[in-house]
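Below you'll find the structure, written out as structure tokens, and then a few comments.
Computed over heavy atoms, backbone and side chain alike; hydrogens, waters and symmetry mates excluded. Protein chains get the first letters and strands the later ones, always in sequence-line order, with residue 1 at the start of each.
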2 protein chains.
Amino acid sequence: MKSTTFELDKVAQVLKLLGDKTRLTMVAILNHRECCVCEFLEVFTMSQPSISQHLRKLKDAGLLNEEKRGQWVYYSINTESELYELVEDLLQYVPDQVEQLNKIDASKVNARCNC
Amino acid sequence: MKSTTFELDKVAQVLKLLGDKTRLTMVAILNHRECCVCEFLEVFTMSQPSISQHLRKLKDAGLLNEEKRGQWVYYSINTESELYELVEDLLQYVPDQVEQLNKIDASKVNARCNC
DNA sequence: GGATAATATAAGTGAATAGCTATATATTTA
DNA sequence: TAAATATATAGCTATTCACTTATATTATCC
């Protein structure tokens with residue numbers, strides 16, 4: 001039952017990051033599978049730079065991995081992060097995001113990036 | 001292992017609220033026992049109105065109970081909140097705040113309010 | 001090599017937020 | 001009832017933050 005504890009500041013930082021609807025949704029989607037930026041464009045009604053900036057914040061905090069393959073950049077949850085345990089736990093309380101994955105699949109993006 | 005899920009918006013709202021260091025500390029302290037505002041004054045280097053405002057936000061979100069007894073207002077974690085499960089879970093990751101309770105005890109506040 | 005596509009960075013803007021001081025309200029005590 | 005104490009509310013300000021558009025960077029394709 002008792003889990004690892006982290007510095008309060010670190011916990012607060014993660015909660016603040018995931019306290020944003022867009023970022024929480026992103027992480028919840030990535031909990032299903034990795035995605036590239038162009039896929040998130042199908043999910044959010046938001047400019048591409050905005051999406052990239054959210055992903056960057058999550059990456060800078062160590063919560064996401066970033067991997068460039070060809071002209072695409074793939075983001076995935078960093079399961080090696082010391083804070084992964086917390087993130088994984090939090091995601092239990094969020095409804096699964098298959099709906100959003102369907103949006104992506106319904107679009108034609110996958111044909112290009114093969115995400 | 002699988003817990004209740006809540007609307008993503010609600011989870012985000014809780015995380016945003018607890019993503020503030022002051023508020024996260026407050027809730028972590030209240031996880032030990034109820035406190036009145038004057039006790040928090042011993043913990044934070046912050047004006048009384050600021051402390052009251054943080055407590056109000058937590059109360060407005062349904063995370064805290066507020067109870068007036070005499071000239072003191074006591075705050076406690078609202079274990080009846082539907083989101084309590086999430087809050088309780090989060091607090092597992094935060095170090096216990098006995099240190100802060102010691103600060104309170106070391107001061108003379110308790111002699112007055114008997115918190 | 002030039003056009004297109006995917007992504008990132010820079011710079012600007014408006015809204016939200018956390019803090020403050022001053023003041024109001026309510027309760028107890030002398 | 002006046003003074004003191006505990007807390008809340010109002011109004012202000014500075015900072016943070018999420019978004020935008022414009023532009024830079026990098027990779028692929030013809």
Side-chain angles (χ1 to χ4, degrees), chain A residues 8-9 12-27 30 34-61 64-76 104 107-115, chain B residues 8-9 12-27 30 34-61 64-76 104 107-115:
Chain A
L8 187 135
D9 300 55
Q13 194 210 354
V14 170
L15 301 189
K16 175 175 261 174
L17 277 170
L18 299 186
D20 178 273
K21 262 181 64 175
T22 302
R23 286 190 294 262
L24 183 57
T25 305
M26 284 174 161
V27 173
L30 292 173
E34 65 172 12
C35 288
C36 62
V37 181
C38 63
E39 292 187 293
F40 285 121
L41 278 168
E42 302 298 324
V43 174
F44 302 104
T45 58
M46 188 180 292
S47 70
Q48 172 267 314
S50 294
I51 289 174
S52 284
Q53 280 158 15
H54 281 302
L55 290 167
R56 185 175 214 288
K57 286 188 182 188
L58 292 168
K59 191 200 77 180
D60 285 351
L64 298 188
N65 295 124
E66 185 190 62
E67 190 192 342
K68 183 150 193 168
R69 293 208 288 277
Q71 67 190 313
W72 294 280
V73 177
Y74 295 78
Y75 288 91
S76 58
I104 295 172
S107 77
K108 52 285 145 210
V109 245
N110 299 63
R112 298 201 301 277
C113 60
N114 261 327
C115 291
Chain B
L8 187 135
D9 299 54
Q13 193 210 355
V14 171
L15 301 189
K16 175 176 261 175
L17 276 171
L18 299 186
D20 178 273
K21 262 181 65 175
T22 302
R23 285 190 295 262
L24 183 57
T25 304
M26 283 172 162
V27 173
L30 293 173
E34 65 172 13
C35 288
C36 63
V37 181
C38 62
E39 292 187 292
F40 285 121
L41 278 168
E42 302 297 324
V43 175
F44 302 104
T45 58
M46 189 181 288
S47 70
Q48 172 266 316
S50 294
I51 289 175
S52 284
Q53 278 158 17
H54 281 301
L55 289 167
R56 185 176 214 289
K57 286 188 183 186
L58 292 167
K59 190 201 78 181
D60 285 350
L64 299 187
N65 296 123
E66 186 191 59
E67 190 192 343
K68 182 151 195 168
R69 294 208 289 275
Q71 67 191 313
W72 295 280
V73 178
Y74 295 79
Y75 288 92
S76 58
I104 296 173
S107 77
K108 54 282 145 212
V109 245
N110 300 64
R112 299 199 302 275
C113 61
N114 259 327
C115 289

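The side-chain contact (heavy atoms from CB on, under 4.5 Å) check on B:N65 picks up B:S76, B:N78, with sequence neighbours excluded. In this structure, the side-chain hydrogen bond (donor to acceptor under 3.5 Å, both in side chains) partners of A:Q48, at least two apart in sequence or on a different chain, are A:S52. Checked against side-chain contact (heavy atoms from CB on, under 4.5 Å), A:Q71 has no partners two or more places apart in sequence or in another chain. In this structure, the side-chain hydrogen bond (donor to acceptor under 3.5 Å, both in side chains) partners of A:S47, at least two apart in sequence or on a different chain, are A:S50. Remark: B:T22 engages B:D20, B:M26, B:F44, B:M46, B:H54 in a side-chain contact (heavy atoms from CB on, under 4.5 Å) (not counting sequence neighbours).
Rounded to a whole Å, the CD atom of A:E42 is 14 Å from the C1' atom of C:dA5. As rounded to whole Å, 13 Å separates atom P of D:dC17 from atom CG of A:D60. Rounded to whole Å, the distance from OH on A:Y74 to P on C:dT7 is 8 Å. In this entry the distance linking NZ of A:K59 with P of C:dA8 reads 8 Å, nearest Å. Following rounding to the nearest Å, A:L55 (CG) and D:dA18 (P) show an atom-to-atom distance of 13 Å. Regarding A:E66, its CD atom lies at a distance of 14 Å from the C1' atom of D:dT25, rounded to whole Å. As rounded to whole Å, 5 Å separates atom C1' of C:dA6 from atom CD of A:Q71. We find that NZ of A:K68 is positioned 13 Å from C1' of C:dT9, with the value rounded to whole Å.
Of the side-chain N and O atoms in A:Y75, one or more sit less than 4.0 angstrom from OP1 or OP2 of C:dA8. A:R56 has no side-chain polar atom (N or O) that falls below the 4.0 Å cut-off from OP1 or OP2 of C:dT7.
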Please list each protein N or O that sits under 3.5 Å from an N or O in nucleotides 18-25 of chain C, with the distance.
unit_1, atom_1, unit_2, atom_2, d
C:dA18, OP1, B:R23, NH1, 3.3
C:dA18, OP1, B:R23, NH2, 2.7
C:dA18, OP2, B:K57, NZ, 2.4
C:dG19, OP2, B:H54, NE2, 2.2
C:dC20, OP2, B:S47, N, 3.0
C:dC20, OP2, B:S47, OG, 2.7
C:dC20, OP2, B:S50, OG, 2.5
C:dC20, N4, B:Q53, NE2, 3.3

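To the nearest 0.5 Å, atom CD of residue A:Q13 and atom CG of residue A:L18 are 10.0 Å apart.
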